[in-house]
Student: 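To start, I am sharing the structure in question, which I have written as structure tokens.
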Amino acid sequence: MCDDLGYSDVGFSGAPDIRTPNLDSLAKAGTICTSGYVAHPFCGPSRMGMMSGRYPHAFGGQYNLPPVHAGMDDYNKLGIPKDETIISTVLQTAGYTTGAIGKWHLGEEADYHPNHRGFDDFYGFLGGGHNYFPEQYSAAYERQKRSGKTNINDYLLPLEHNGKQTTEDEYLTDALSKQAVRFINEASTKDSPFFLYLAYNAPHSPMEAKEEDLAANSHIKNRKRRVVAGMVTAVDRGVGLITQTLKEQGQFENTLVIFLSDNGGKSVFGSSNAPFRGVKGDTWEGGFRVPMFFHWPNKIPAQRFDYPVTALDFYPTFAALAGADIPSGKKLDGKNILADITSGTNPRPNDVIFAMRHRDGYSDVSARRGDWKAVRYANHPWRLFNITEDLGETHDLAASNPERLEELIAAAENWSQTHTEPLFFDSPVARDKWHEAEMPHFDQTFEVKVGAPPLRPATHVTDSDIAEPVVEAPQVTSSGIKLKRGDSTLEHFIGLEKAKWDKNGWTWNQEKVEAIFQEIDTNQDGIASGLEKKAYWAK
């Protein structure tokens with residue numbers, strides 16, 4: 001699993017500029033899922049959905065866990081609920097040697113630690129992200145530790161191996177690949193089969209690529225996209241090493257390999273979700289439709305599979321392949337799809353795939369059944385698209401297909417009745433706004449309304465070196481406070497965002513932008529500082 005990888009950030013799903021030969025080779029020999037979805041459009045809930053086989057909304061996991069340095073101690077003691085038996089435990093109980101490498105983001109206390117949730121071996125970091133160069137993050141960690149700081153930024157913490165801090169000296173993506181090779185080599189000496197969950201944090205921010213990987217992508221003019229490409233190059237290199245190791249151990253023919261992203265990419269950092277509308281966090285296709293393939297020699301055919309598949313399907317599919325017992329009473333939202341993939345048939349002709357993301361006072365929702373998808377976005381009326389013909393979700397057919405729209409809205413409303421209140425929030429601002437707005441307002445969300453404003457065609461990051469719009473930054477605030485480089489007043493922030501929205505063809509929403517500013521300005525001093533911006537956009 002990659003982190004924040006755009007649909008068009010790898011060759012096999014359409015990248016014209018980023019070269020991923022190792023991934024493409026596996027994808028070409030396997031089944032490319034062109035309609036592969038995850039359970040939520042951002043990190044933590046997506047992973048909770050995949051590991052539990054359930055939409056995270058059903059057990060209160062709709063938000064990311066907050067970073068430890070946010071100081072939300074009660075939430076930091078939580079994670080994916082203990083009564084949710086996750087797939088690693090099922091496979092471990094069935095006799096598999098299990099390993100998790102990389103990003104966890106499912107809880108940091110002992111009860112939620114990977115080693116207590118079905119993984120024999122864990123190497124990586126527990127939070128939502130991490131810096132990449134050890135010479136940088138190790139030095140920053142030591143400085144903060146010496147200064148007596150207690151809540152040190154998660155992205156700087158030492159990596160760990162089975163609960164013990166470890167010292168790393170390699171670029172993080174390469175280090176995780178190395179650990180994956182170690183695990184496969186060790187597991188291959190045992191009589192038991194193995195299950196490995198390798199969760200790269202690339203190309204999630206901070207946007208840090210090795211110089212040699214940047215040089216290998218010098219053909220890409222767009223500076224931000226070149227960094228994304230460099231980070232993805234490191235992932236592809238690791239996939240090549242893992243493939244080689246499986247072959248050396250005689251396990252390649254007997255191993256199912258699945259590749260995907262946890263959600264869509266962020267265009268502001270240079271990722272592309274072409275040909276879809278939307279980015280990470282959205283219920284447009286670009287938010288939760290991800291690059292995905294299955295590879296298993298002589299078991300999975302080489303094909304493009306256009307029927308919808310979701311990461312929620314992994315749990316029952318893995319359990320069936322392993323001959324493992326699913327706990328009695330365990331609820332699952334996916335299905336065993338292996339027979340459909342091998343036969344090229346639709347695993348869910350009548351089922352609906354959902355997405356919901358809560359915002360400030362309202363929720364974005366989508367529901368897809370077959371060729372049709374209903375979307376409610378930015379508190380606008382509902383829209384309806386033929387998603388197989390209109391990948392960019394531009395032509396709203398709600399008014400001309402009222403019965404189809406009402407059926408999908410009713411399905412989404414029934415689904416919402418399975419939801420519970422969030423157990424945790426990713427920030428104090430998100431928590432306070434949820435309660436102040438008396439969320440979730442589902443009575444309003446599922447009111448059948450049409451007539452949403454027209455949408456511009458979706459736009460995407462390209463290879464071209466696009467000049468960033470320049471909005472002059474003020475030197476001091478109106479009250480005379482001197483601003484540092486990277487700081488923004490509300491007016492300056494609005495100007496920057498307006499230029500960005502215009503460039504991307506988004507329908508301008510100043511109220512939304514002002515709300516974002518208020519979320520960024522955590523100390524409420526009227527200034528979105530450079531540090532506050534970095535912390536916010538890193539989410």
Side-chain angles (χ1 to χ4, degrees), residues 7 34-35 37-42 55 57 62 263-264 267 273-290 306 308 310 348 350-416 419 439-460 501-502 504-513 515:
Y7 192 89
T34 61
S35 290
Y37 292 92
V38 288
H40 196 281
F42 56 75
Y55 284 105
H57 314 72
Q62 301 96 317
N263 45 249
S267 58
N273 297 312
F276 307 123
R277 178 181 300 278
V279 296
K280 172 184 178 178
D282 290 343
T283 55
W284 302 117
E285 294 290 277
F288 70 114
R289 186 165 169 176
V290 299
D306 296 328
T310 167
R348 44 177 49 83
N350 298 307
D351 296 345
V352 183
I353 288 178
F354 301 104
M356 178 181 287
R357 186 261 173 91
H358 299 305
R359 296 193 186 267
D360 184 11
Y362 63 92
S363 301
D364 291 342
V365 192
S366 74
R368 175 182 174 175
R369 176 189 282 132
D371 295 336
W372 294 90
K373 180 184 176 187
V375 182
R376 185 158 194 186
Y377 179 79
N379 223 15
H380 291 166
W382 284 88
R383 295 179 170 96
L384 180 71
F385 306 99
N386 184 316
I387 201 61
T388 57
E389 297 178 358
D390 182 15
L391 297 177
E393 297 175 278
T394 300
H395 306 294
D396 182 8
L397 304 175
S400 58
N401 293 268
E403 291 182 359
R404 197 181 301 275
L405 176 66
E406 289 172 13
E407 288 174 0
L408 287 170
I409 294 174
E413 184 172 18
N414 288 337
W415 171 63
S416 76
H419 298 191
M439 287 287 283
H441 295 311
F442 284 160
D443 56 331
Q444 300 171 25
T445 301
F446 299 107
E447 185 178 356
V448 180
K449 289 183 177 181
V450 298
L455 294 165
R456 298 180 184 180
T459 59
H460 307 286
W501 286 49
D502 287 345
N504 287 300
W506 302 335
T507 302
W508 176 243
N509 185 337
Q510 184 162 324
E511 182 179 344
K512 179 180 179 180
V513 169

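This one's a predicted model, so the numbers in the text were calculated from it and none came from an experiment. For this chain, numbers begin at 1 and follow the sequence in order.
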Student: Between Asn263 and Gly287 (side chain of the first, backbone of the second, donor and acceptor by atom type, cut-off under 3.5 Å), is there such a pair?
Tutor: no
Student: Could you check whether any side-chain N or O of Asp390 sits under 3.5 Å from a backbone N or O of His395, counting only pairs where one atom can act as donor and the other as acceptor?
Tutor: yes
Student: State the OG-CD1 distance between Ser35 and Ile353, to the nearest 0.5 angstrom.
Tutor: 8.0 Å
Student: CZ of Phe354 to OH of Tyr55: how many Å apart, nearest 0.5 Å?
Tutor: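 So the CZ of Phe354 and the OH of Tyr55 are separated by 6.0 Å.
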Student: Compare every heavy atom of Val279 with every heavy atom of Ser267, then report the nearest pair and how far apart it is.
Tutor: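 For Ser267 and Val279, the tightest heavy-atom pair comes out as OG-CG1, 3.6 Å.
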Student: Verify, without hydrogens or angle tests, whether Arg289 (side chain) and Trp284 (backbone) share a donor-acceptor contact under 3.5 angstrom.
Tutor: no
Student: If I compare all heavy atoms of Ala458 with all of Gly392, which pair ends up nearest, and what's the gap?
Tutor: CB-O, 4.3 Å
Student: Quick one: closest heavy-atom pair of Leu391 and Pro275, and the distance?
Tutor: CD1-CG, 3.7 Å
Student: Looking at side-chain heavy atoms only, is the closest gap between Trp382 and Phe446 below 4.5 Å?
Tutor: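 Side chain of Trp382 against side chain of Phe446, heavy atoms only: contact under 4.5 Å found.
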Student: In a check of side chain to side chain contact (heavy atoms under 4.5 Å, CB included) between Leu408 and each of Glu413, Arg368, Arg369, which one passes?
Tutor: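 Of all the options given, the one that passes is Arg369.
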Student: Measuring from Asp396:CG to Leu384:CG, what's the distance to the nearest 0.5 Å?
Tutor: 7.0 Å
Student: Would the distance check show the side chain of Arg404 and the main-chain N or O of Ala374 forming a donor-acceptor pair, the cut-off being under 3.5 Å?
Tutor: no
Student: Compute whether any side-chain donor of one residue and acceptor of the other, for Thr445 and Arg376, lie under 3.5 angstrom apart.
Tutor: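 There is no such pair between these side chains.
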Student: Drop me the distance from Met356's CE to Phe442's CZ, to the nearest 0.5 angstrom.
Tutor: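 These two atoms lie 4.0 Å from each other.
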Student: How long is the straight-line distance from NZ of Lys373 back to CG of Asn386, given to the nearest 0.5 Å?
Tutor: 12.5 Å
Student: Is the backbone of Val375 close enough, under 3.5 Å, to the side chain of Ser366 for a donor and an acceptor to pair up by distance?
Tutor: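 Checking the backbone N and O of Val375 against the side chain of Ser366, no donor-acceptor pair under 3.5 Å is found.
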Student: Would you find a donor on one side and an acceptor on the other, under 3.5 Å apart, between the side chain of Asn414 and the backbone of Ala411?
Tutor: no
Student: Given side chain to side chain contact (heavy atoms under 4.5 Å, CB included), test Trp415 with Val352 step by step and report yes or no.
Tutor: CA-CA 10 Å; Trp415 171 63; Val352 183; over 6 Å; no
Student: Check step by step if side chain to side chain contact (heavy atoms under 4.5 Å, CB included) holds for His380 and Leu455.
Tutor: CA-CA 11 Å; His380 291 166; Leu455 294 165; 5.8 Å; no
Student: Which pair of non-hydrogen atoms, one from Arg456 and one from Thr394, has the smallest distance, and what is that distance?
Tutor: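 Arg456 and Thr394 have their closest heavy atoms at O-OG1, 4.3 Å.
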Student: Under a 3.5 Å distance rule, please check whether Arg348 uses its side chain to pair with a backbone N or O of Pro308 as donor and acceptor.
Tutor: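 Such a contact is found between Arg348 side chain and Pro308 backbone.
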Student: Is there side-chain contact between Tyr7 and Thr34, with at least one heavy-atom pair below 4.5 Å?
Tutor: yes
Student: For the side chain of His57 and the backbone of Ser416, is there at least one donor-acceptor N/O pair under 3.5 Å apart?
Tutor: no
Student: Strictly below 4.0 Å, N to O, side chains only: are Arg383 and Glu393 in salt-bridge contact?
Tutor: no
Student: Ring-plane angle category for Tyr37 and Phe288, please: parallel below 30°, perpendicular beyond 60°, tilted otherwise.
Tutor: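 Tyr37 and Phe288: tilted rings.
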Student: Using the rule side chain to side chain donor-acceptor pair (under 3.5 Å), only one of His358, His441, Gln62, Arg357 pairs with Ser363; which is it?
Tutor: His358
Student: For residues Val365 and Ala412, report the shortest heavy-atom separation together with the two atoms involved.
Tutor: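 Scanning both residues completely, I find the closest heavy atoms to be CG1-CB, 4.3 Å.
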Student: List for me each residue that meets side-chain hydrogen bond (donor to acceptor under 3.5 Å, both in side chains) alongside Asp364, sequence neighbours excluded, and say none if there are none.
Tutor: Arg359
